[in-house]
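We use all heavy atoms of the structure for the numbers below, so side chains are in, but hydrogens, waters and symmetry mates are not.
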Amino acid sequence: MSGHSSSNGKLAPAAFPPPVDSRKEFVKRGLDPEDELIEVGVVIVGGGTAGLACANRLLQLLADDPEMMERLGEVPVAVVEKAKTCGGHNLSGAVMRPGPLQELFPDVTREQWRQEGFAFGEVKKEAIYLLPNGKTKVRIPPPPPQRNHGNEVVSVSAMARFQQRQAEEAGAYILTETAATQLIVDEGRVVGVRSGDKGRGKDGEPLGNFEPGTDIKAQATVLAEGCWGHLTGAAIKEFDLADGREPQVWELGVKEVWKVAKPLDRVIHTLAGWPLKIPARYGQIGGSWIYPMKDEKSGDDLVSIGFVLDLDYADATTSAHDLLQQIKTHPLFRGILDGGERVAWGAKALPAGGYWAMPKLSMPGALLVGDSAGMVNLAALKGVHYSIKSGALAAESIYAALKRGESSFESYERVVEDSIIGKDLWEQRNTRQPFQKGLIKGGPLVNMMIATKGRFPGGRWALHRNDAKPMFIGKTKDSYPKPDGKYTFDKLSSVFITGNATRDDAPNHIRLRKRVPREIAETWRWMCPAGVYEIPEDAPEKGEVDVIVNYTNCVQCGAITAKGGRLTTPEGGDGPLYQLT
Ligand SMILES: Cc1cc2nc3c(=O)[nH]c(=O)nc-3n(C[C@H](O)[C@H](O)[C@H](O)COP(=O)(O)OP(=O)(O)OC[C@H]3O[C@@H](n4cnc5c(N)ncnc54)[C@H](O)[C@@H]3O)c2cc1C
Ligand code: SF4
């Protein structure tokens with residue numbers, strides 16, 4: 001691309017693409033010799049909600065079919081997870097629709113979920129507010145997708161640990177601290193994945209403890225990598241899975257868990273408005289939540305509080321982390337947090353494009369589940385139950401296909417379309433797009449789309465890529481509160497409490513251009529919730545600046561990939577160790 005301009009003549013991150021060729025770098029052609037590889041039946045990349053639901057469902061089916069179990073070999077089901085333990089890299093709000101988890105484990109009651117420590121109570125009361133400013137609030141009736149009565153407040157991090165225990169008891173082989181770095185394709189078909197090397201230094205040189213990665217050969221590969229999957233991105237390119245779809249778009253959520261003095265009795269959401277700037281030129285859309293969490297094991301009263309920001313904004317100084325700090329100064333939240341203590345923090349991006357942006361769900365030898373497949377209903381802020389459902393449906397489709405001796409998993413696409421996932425996402429198919437016109441123009445259209453379940457104005461509405469949005473350096477940053485270390489915090493002390501354990505001499509896993517116009521550098525600096533990007537103090541006010549990348553702080557939220565960089569997989573075991581998020 002020439003100069004600093006995007007196609008519209010302004011400074012958009014897309015004009016400065018990261019130096020990455022995913023098909024060349026992240027797709028391996030052919031397997032290593034048989035004696036150098038690990039062979040498993042089904043390999044699942046990602047030990048989050050979706051991947052572990054897939055493992056558990058497959059093992060349930062295999063438990064009743066010893067012949068099939070035998071056909072899948074010594075290791076019928078393997079899960080590859082890059083975090084130190086399953087759950088370590090998982091974060092959600094989270095109010096979950098309970099159905100799919102109840103279907104997956106029909107013998108475990110909701111009371112037992114709470115005793116296991118991943119569920120924190122049924123939603124009995126709820127409230128939704130518009131915030132006109134930093135002092136007042138206006139209560140509105142919840143639109144239908146946002147009704148939460150009867151749902152359960154959970155921690156997906158803790159739920160992944162529960163699902164990991166269930167899967168291990170049923171015979172899954174779970175490789176934690178292991179990143180899958182390449183998709184292995186042979187004769188047009190996925191035949192497994194390669195795990196990443198360990199023990200490389202800053203420049204990629206092998207250190208004393210170097211261990212090379214290994215090919216993991218499988219009869220079926222499930223990509224359950226969550227938002228902005230590394231191999232999912234490579235698979236989408238290799239098999240043209242996004243052809244004819246809208247581009248995927250993203251949101252970034254930053255969350256804290258607080259121990260509070262008084263129990264909160266309801267789930268609360270705020271929509272749009274303060275502290276965001278409403279004029280369309282800022283492109284700022286987002287909202288916040290606060291959910292009660294009663295920890296039945298410790299007896300503690302906790303709350304989950306967070307801010308979700310659409311990554312289609314244009315003011316480079318927009319920061320989801322700082323907006324969360326700001327929202328805590330509103331009396332609505334401050335009253336709940338008073339006398340409390342922050343016990344956890346984390347950040348994660350989520351796919352927001354919905355139905356039209358979902359890629360094709362299968363390719364020869366492999367399929368996509370959960371956030372890897374873009375299965376999130378943004379109007380409801382719900383994805384956990386789709387992850388569980390899609391993992392279970394993938395398991396059933398793989399089992400049925402392998403039993404018939406087939407290696408095509410295309411039937412999974414139809415099953416998803418006919419399930420609650422396809423039905424819900426179809427109803428919300430055009431609710432995301434109008435927001436790309438700004439809140440004032442887009443808001444009423446969104447309400448109409450929700451009210452008519454997508455029928456009005458109907459058709460297929462286009463999305464534009466987040467990195468195509470031209471950026472300017474605005475004044476959003478001027479209203480962020482100064483951290484006081486009690487109620488409001490800076491980015492680095494927040495990263496500290498995630499248990500982030502990336503080696504100081506690890507290779508850099510963030511790909512981006514290191515010299516870019518100030519507008520782009522400021523975008524990265526403010527956007528990153530972990531404070532990874534810095535601009536040297538003596539850099540010029542205008543024109544190109546160097547970007548310093550403190551990649552060891554990265555919490556792998558994935559947001560950088562939406563705004564002009566690329567998160568690739570770090571060494572297995574690196575990154576945060578979330579417990580309660
Ligand atoms: C801020 C926020 C709030 C939300 N609130 C709600 C809510 O209230 N209710 C709701 O229902 N949904 C909510 N969602 C959506 C929901 O959290 C997700 O849809 C769901 O958790 C996705 O699960 P998943 O298993 O697909 O992905 P993930 O939970 O992201 O799991 C993916 C796993 O794969 C691992 N992985 C990725 N790549 C590799 C690799 N190459 N090698 C090895 N391991 C890999 C990761 O470490 C991770 O453990 C929210 C999401 C966010 C971000
Ligand atoms: S550097 Fe890491 S934490 Fe920061 S935006 Fe990128 S992926 Fe997120």
Side-chain angles (χ1 to χ4, degrees), residues 20-47 51 54-55 58-59 62 68-84 86 167-168 171-225 229-235 237-239 363-367 398 402 405 407 409 503 506-507 509 568-574:
V20 180
D21 181 341
S22 18
R23 285 191 66 194
K24 213 161 145 196
E25 295 178 66
F26 310 139
V27 178
K28 179 172 184 273
R29 310 278 157 196
L31 287 156
D32 284 353
E34 289 287 320
D35 56 347
E36 288 174 26
L37 52 74
I38 302 175
E39 190 162 353
V40 305
V42 177
V43 66
I44 299 166
V45 181
C54 184
L58 253 174
L59 287 158
L62 293 172
M68 193 61 202
M69 179 85 111
E70 176 114 21
R71 264 167 59 190
L72 290 181
E74 249 172 71
V75 181
V77 179
V79 179
V80 181
E81 170 53 53
K82 62 181 163 55
K84 270 211 160 40
C86 289
E168 278 175 335
Y173 177 46
I174 303 205
L175 285 127
T176 49
E177 300 193 64
T178 307
T181 52
Q182 287 180 308
L183 191 71
I184 308 177
V185 176
D186 195 21
E187 298 182 354
R189 182 168 178 271
V190 177
V191 291
V193 297
R194 185 168 176 83
S195 65
D197 296 341
K198 286 189 176 181
R200 285 195 184 272
K202 262 192 167 52
D203 299 314
E205 75 284 10
L207 303 174
N209 58 350
F210 177 71
E211 275 175 48
T214 314
D215 283 5
I216 305 174
K217 179 184 176 189
Q219 296 176 38
T221 300
V222 179
L223 298 179
E225 295 178 288
H230 175 72
L231 299 186
T232 308
K237 283 238 155 69
E238 175 75 8
F239 295 97
M363 66 212 92
L367 32 74
I398 291 170
L402 294 181
S407 62
F409 308 120
R503 267 193 293 127
H509 62 288
T568 69
T569 41
E571 185 175 295
D574 282 357

Search all heavy atoms of Glu177 against all heavy atoms of Lys198 and return the closest pair with its distance. O-NZ, 2.6 Å

Heavy atoms only: give me the nearest Thr569-Ala179 pair and the separation to one decimal. CB-CB, 3.9 Å

I'd like to know if the side chain of His509 reaches the main chain of Glu571, judged simply by a donor and an acceptor atom lying under 3.5 Å from each other, with no hydrogens or angles considered. no

State the CG-CE distance between Leu58 and Met69, to the nearest 0.5 angstrom. 10.0 Å

Rounding to 0.5 Å, atoms CG (Leu31) and CD1 (Ile216) come to a distance of 11.0 Å

dist Glu168:CD -> Leu59:CG (nearest 0.5 Å) comes out at 11.0 Å

So which pairs with a foot in residues 201-210 pass salt bridge (Lys or Arg N to Asp or Glu O under 4.0 Å), sequence neighbours left out? none

What is the minimum heavy-atom distance between Cys86 and Ile174, and which atoms define it? SG-CG2, 3.9 Å

Without swapping roles, check the side chain of Thr221 against the backbone of Ala366 for a donor-acceptor pair under 3.5 Å. no

Nearest 0.5 Å, please: how far is OG1 in Thr181 from CG in Leu231? 7.0 Å

Please check if the side chain of Thr178 supplies one atom and the backbone of Thr176 the other of a donor-acceptor pair under 3.5 Å. yes

Taking every heavy atom of Asp215 against every heavy atom of Leu37, the minimum-distance pair comes out as O-CB, 3.4 Å

Please tabulate, for side-chain N and O atoms in residues 70-83, each donor-acceptor pair with protein atoms closer than 3.5 Å (sequence neighbours left out).
residue	atom	partner	partner atom	Å
Arg71	NH2	Leu402	O	2.7
Glu81	OE1	Gly47	N	2.7
Glu81	OE2	Ala83	N	2.8
Lys82	NZ	His89	ND1	3.0
Lys82	NZ	Gln556	OE1	2.9

Show me the donor-acceptor pairs within less than 3.5 Å that the side chains of residues 182-193 make with the rest of the protein, sequence neighbours left out.
residue	atom	partner	partner atom	Å
Gln182	NE2	Glu25	O	3.1
Arg189	NE	Ser407	OG	3.4
Arg189	NH2	Gln219	O	3.2

Just verifying a value: how many Å separate Leu223 CG and His230 NE2, rounded to the nearest 0.5 Å? 11.0 Å

Looking at every heavy atom in both Ile398 and Ala220, which two are closest together, and how far apart are they? CG2-CB, 3.8 Å

Restricting to non-hydrogen atoms, name the atom on Arg503 and the atom on Pro507 that form the minimum distance, rounded to 0.1 Å. NH2-CD, 4.3 Å

When rounded to the nearest 0.5 angstrom, what distance separates CG in Asp32 from CD1 in Ile38? 11.0 Å

